[in-house]
Asker: 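Take a look at this one; I'll ask things after.
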Amino acid sequence: NNCNQCNFAKGYIKSMGVDFEERNINSSEAFNAELMEIADRTGFTAMPFIVVDDQEVISGFIPDKIDEHLA
């Protein structure tokens with residue numbers, strides 16, 4: 001809820017006009033469990049976790065990586 005990097009990422013993606021689904025781990029035990037599974041599988045620890053096409057995971061707010069996947 002208070003993650004600045006998450007807020008930056010949401011704002012950045014919204015500014016590009018891209019639809020996305022937000023999964024807030026503070027509001028759902030299922031979303032939190034999903035995050036833990038992704039973290040265990042990938043070794044990533046930085047929030048936000050941005051999952052692209054149910055495959056690629058971006059850990060943290062990295063505009064260049066987001067741009068690369070949206071190109």
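Remember, it's a predicted structure, so these values are computed and weren't measured experimentally.
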Asker: Distance from Glu22 atom CD to Ile13 atom CD1, nearest 0.5 Å?
Answerer: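 Result: 10.5 Å between the selected atoms.
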Asker: List in chain and number order the residues that pass ring-ring contact (aromatic ring centres under 6.0 Å, His included) with Phe61, two or more places apart in sequence or in another chain; answer none if no residue qualifies.
Answerer: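 Only Tyr12 meet the ring-ring contact (aromatic ring centres under 6.0 Å, His included) criterion with Phe61.
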Asker: Is there a donor-acceptor contact under 3.5 Å from the side chain of Asn24 to the main chain of Asn26?
Answerer: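 Checked: pair present.
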Asker: If we only count heavy atoms from C-beta on, is the Ile50 to Lys65 side-chain gap below 4.5 Å?
Answerer: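 Counting from C-beta outward, Ile50 and Lys65 never come under 4.5 Å.
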Asker: Does any part of the side chain of Phe49, heavy atoms only, come nearer than 4.5 Å to the side chain of Ile58, both counted from C-beta?
Answerer: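 No, every pair of side-chain atoms sits at 4.5 Å or beyond.
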Asker: So if you build clusters from Ile, Leu, Val, Met, Phe, Trp, Tyr with side-chain heavy-atom gaps below 4.5 Å, do Ile38 and Met36 land together?
Answerer: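 Yes: a chain of side-chain contacts under 4.5 Å links Ile38 to Met36.
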Asker: Is it the case that more than 12 heavy atoms not belonging to Glu37 sit under 6.0 Å from its CD atom?
Answerer: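 Yes - once you tally the heavy atoms of other residues, nucleotides and ligands closer than 6.0 Å, there are more than 12.
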Asker: Is there a side-chain contact between Met47 and Ile25, using heavy atoms and a 4.5 Å cut-off?
Answerer: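 Touching, per the 4.5 Å side-chain cut-off.
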Asker: Would a distance-only check, ignoring hydrogens and angles, find a side-chain to backbone donor-acceptor pair under 3.5 Å from Ser59 to Ala46?
Answerer: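 Pair found, side chain donor or acceptor close to backbone of Ala46.
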Asker: Let me see the working for Val51 and Arg23 under side-chain contact (heavy atoms from CB on, under 4.5 Å), right down to the final yes or no.
Answerer: CA-CA 11 Å; Val51 181; Arg23 295 187 178 181; over 6 Å; no
Asker: For residues Glu34 and Asn32, determine if any side-chain heavy atom of one lies less than 4.5 Å from a side-chain heavy atom of the other.
Answerer: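 They are not in side-chain contact.
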Asker: Identify every side-chain donor-acceptor pair in residues 2-9 under 3.5 Å, counting partners at least two apart or on other chains, and give the distances.
Answerer:
unit_1: Asn7; atom_1: OD1; unit_2: Lys10; atom_2: NZ; d: 3.4
unit_1: Asn7; atom_1: ND2; unit_2: Cys3; atom_2: O; d: 3.3

Asker: With the 4.5 Å side-chain cut-off for hydrophobic clustering, are Leu70 and Phe20 part of the same group?
Answerer: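 Yes.
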